[in-house]
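Comments concern the structure below.
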Amino acid sequence: MRDTFPEQTQTPLDEERYRLFRQLSSLLTSEQKAWVAGYLTAQLSSAVSTTAHEATADEITILVGSQTGNCEELAEQVHDLAAERGLRTVIKDMGDYKAPQLKTEKYLLVIVSTYGEGDPPDNARDLYDFLFSKRAPSLKHTQFAVLALGDTSYEFFCKTGADFDQRLEELGATRLFERADCDVDYETAAEDWMTSVLNVLSQRTLSVSEETGLTPATANTAALSPYSRKNPFSAVLLDDIVLNGRGSNKETHHYELSLEGSGLSYEPGDALGIYPRNAPELVEELLEIMHFNGDDAVSSDGKARSLYEVLLYDYEITTLTRPMLQKYAALNGNPKLEGLFDEAHKQDLADYLYGREIIDLITDFPCADLNPQDFIDSLRKLPPRLYSIASSLKQHPDEVHLTVATVRYQSHGRRRHGVCSTFLADRVGSETTIPVYVDHNKNFKLPSDPSAPIVMIGPGTGIAPFRAFVEEREAVGANGKNWLFFGDQHFMTDFLYQSEWLRYLKSGLLTRMNVAFSRDQAEKVYVQQRMQEHSRDLYAWLQEGAYLYVCGDEKHMARDVHETLLGLVEREGGMNRDAAEHYVKTLQKEKRYQRDIY
């Protein structure tokens with residue numbers, strides 16, 4: 001083979017080709033050697049050509065940090081809009097991104113969400129920590145822009161995006177365009193940001209090419225159905241079953257909706273977005289205390305409509321947020337209300353926002369000369385509510401199932417009602433359709449290997465996606481082990497989907513199940529205690545390659561479960577704290593520790 005691969009090579013390409021060939025030659029026949037030689041020559045030549053092209057191209061990197069998938073969708077939108085302008089972009093998940101590569105970026109667009117109390121998404125944590133460490137490089141050759149997603153009902157609205165924006169500037173990067181902070185009704189603000197940023201980038205000389213992080217499943221789904229967040233499908237309610245027994249403190253419903261004719265598809269781990277309608281009695285009460293006529297015309301999205309209609313369908317009239325409070329304070333002029341925004345009264349502001357709604361604000365601080373249009377302009381759009389899908393499409397064609405806890409409580413002397421949960425429970429009848437769309441979440445997915453074991457931790461309605469997981473594994477004949485941790489208040493009244501889990505245990509599809517019913521004994525017991533009790537087996541499963549999933553409340557349950565996981569890894573693995581944290585981070589990087597938390 002010396003005449004095919006000469007010993008004395010003249011170029012880097014020849015040297016690399018020869019090195020690869022020598023590694024393979026002892027394993028191949030003469031004919032195979034000849035074929036491989038030709039193949040490697042073609043492939044390596046192509047690689048050098050591509051590298052030479054990329055070296056001269058100005059590439060825009062779109063870095064995505066997301067907990068539920070909204071940021072990924074926006075990144076795909078930026079990518080498509082950029083391609084229309086002849087701009088070359090590449091989408092990169094923050095969880096897969098090599099942090100030291102930051103110093104090589106020329107154009108950087110960051111799209112990142114904030115969840116909980118100002119926390120970065122799980123897949124953004126390592127990059128976030130790197131940026132604020134001593135290892136963060138100088139970025140004086142980088143130009144950037146940040147699109148931040150958040151929820152103004154939380155105190156630290158868009159904090160992660162603001163932190164990225166500030167830190168990139170501190171490291172010497174130049175801002176292409178001002179950061180946009182988007183609330184839950186983010187579409188318009190996000191599109192305005194995209195247009196402005198791409199206008200700036202279009203003024204640079206950028207080469208045309210396409211490269212994207214889109215998965216085939218996402219691209220195909222978008223092409224199959226005309227329905228989306230912007231154009232929801234009108235679903236019909238097929239069934240409504242209360243899952244709790246008589247005497248329960250809770251009201252949890254199992255809903256089955258028809259997707260027939262929609263073309264919508266979903267995978268276990270996805271969520272269903274629902275556009276609810278406000279309670280008519282609350283709309284009437286607001287109109288009465290403000291002395292407004294519901295027939296008055298107001299402008300909404302550039303169209304004239306009745307005040308009653310837009311309050312019922314279009315605007316958030318319950319959740320009291322800081323931005324809404326600020327707008328109303330400017331209209332009201334009450335010194336006490338305006339004083340809440342002084343830094344010295346920060347806690348007073350937090351105390352006022354907690355447990356109150358817009359109707360409390362109007363009652364506490366009436367505004368005699370407020371006009372309907374100004375009031376509408378102070379409100380944010382009524383956002384869709386997302387619910388983890390509790391069914392497998394393979395088991396229930398043209399249907400989607402949900403597990404929803406109806407929210408009813410009392411605070412500050414008033415009865416309160418969850419907007420969407422009571423819309424479903426109280427106001428959806430045989431003639432009422434439900435506007436829905438599928439919210440894809442690539443960060444909460446079953447392993448591609450059907451033989452991989454999985455561990456599912458889902459107390460309360462956090463059980464929803466795991467019903468979908470187990471149904472899916474049954475449908476595809478997956479032979480991997482399945483272990484479920486479930487918790488709620490009482491065994492007799494709150495064991496959601498009990499008969500189904502018992503059937504799965506009997507059939508062997510569900511390998512193990514551990515439950516924690518917190519109010520059935522003097523000392524409260526939660527799922528994290530059950531994890532500790534079975535820590536040796538749980539660690540053994542992880543060592544075998546198990547995937548660990550957590551769904552539910554972020555503020556308490558998910559944090560406690562995470563801390564318990566670190567502790568059991570530390571104990572059962574004989575590790576110190578740093579090593580345990582590294583172990584868990586590795587699980588996250590390998591997509592073997594995924595969380596759907598809210």
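Smallest separation of non-hydrogen atoms from Phe444 and Cys551: CZ-CB, 4.3 Å. The two residues Ser535 and Leu568 have their closest heavy-atom pair at CB-CB, 3.7 Å.
Proximity of a side-chain donor or acceptor of Asp80 to a complementary backbone N or O of Gln77 within less than 3.5 Å is not detected. Side chain of Asp596 to main chain of Ser388: no donor-acceptor pair is present (N/O by atom type, distance under 3.5 Å, no hydrogens or angles). In this structure a side-chain-to-backbone donor-acceptor pair under 3.5 Å is present from Thr142 to Glu105. Looking at Asp342, its side chain never comes within 3.5 Å of a backbone N or O of Ala344 through a donor-acceptor pair. Looking only at distances, a side-chain donor or acceptor of Tyr549 sits under 3.5 Å from a matching main-chain atom of Lys445.
Rounding to the nearest 0.5 angstrom, the gap separating the CZ atom in Phe156 from the CG atom in Asp163 is 10.5 Å. For the atom pair Arg277 CZ and Phe423 CZ, the distance stands at 4.5 Å (nearest 0.5 Å). With rounding to the nearest 0.5 Å, the separation of OG1 in Thr61 from CD in Gln101 is 6.5 Å. Taking CG from Leu102 and OG from Ser138, the interatomic distance works out to 11.5 Å, rounded to the nearest 0.5 Å.
Looking at Val310 and Ile376, their side chains come closer than 4.5 Å, going by heavy atoms from C-beta outward. Considering only heavy atoms from C-beta on, Arg416 comes within 4.5 Å of Tyr409 through its side chain.
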| task | Please report the C-alpha distance between Phe157 and Tyr154 in whole Å, then the side-chain angles of each, then the deciding distance to 0.1 Å, and finally whether the ring pair (Phe, Tyr, Trp, His ring centres under 6.0 Å) criterion is met. | result | CA-CA 6 Å; Phe157 169 63; Tyr154 288 86; 9.9 Å; no
| request: Would you check, one step at a time, whether the test side chain to side chain contact (heavy atoms under 4.5 Å, CB included) holds for Ser202 with Leu87? | output: CA-CA 7 Å; Ser202 294; Leu87 305 179; 4.0 Å; yes
| message | Before you tell me yes or no, could you show the steps for Phe375 and Tyr315 under ring pair (Phe, Tyr, Trp, His ring centres under 6.0 Å), namely the whole-Å CA-CA distance, both residues' side-chain angles and the distance that decides it to 0.1 Å? | response | CA-CA 11 Å; Phe375 177 64; Tyr315 290 93; 9.0 Å; no
| task | Please lay out, stage by stage, how Tyr266 and Tyr437 fare under the test ring pair (Phe, Tyr, Trp, His ring centres under 6.0 Å). | result | CA-CA 10 Å; Tyr266 60 85; Tyr437 66 96; over 10 Å; no
| request: Output, in order, the C-alpha distance, side-chain angles, deciding distance and verdict of side chain to side chain contact (heavy atoms under 4.5 Å, CB included) for Asp119 and Arg559. | output: CA-CA 12 Å; Asp119 296 320; Arg559 291 175 187 265; 2.6 Å; yes
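Between the side chains of Glu251 and His253, at least one donor N or O lies within less than 3.5 Å of an accepting N or O. One side chain, Glu72 or Asn443, offers a donor N or O that lies under 3.5 Å from an acceptor on the other. Checking Asn334 against Glu338 by side-chain atom types alone, no donor-acceptor pair falls below 3.5 Å. Side-chain contact annotation: Gln67 with Asp122, donor-acceptor N/O pair under 3.5 Å present. If you check the side chains of Asn70 and Arg229, you find no donor sitting under 3.5 Å from an acceptor.
The aromatic ring centres of His562 and Tyr593 sit less than 6.0 Å apart.
In this structure, Arg167 does not pair ionically with Asp165, as no charged nitrogen and carboxylate oxygen lie closer than 4.0 Å.
Counting heavy-atom neighbours within 6.0 Å of His412 NE2, excluding the residue itself, gives a total above 12.
Of the candidates Gln594, Met557, Met456, Met557 is the only one forming a side-chain contact (heavy atoms from CB on, under 4.5 Å) with Val550. When each of Met324, Arg380, Arg356 is tested with Thr319 by the rule side-chain contact (heavy atoms from CB on, under 4.5 Å), just one qualifies, namely Arg380.
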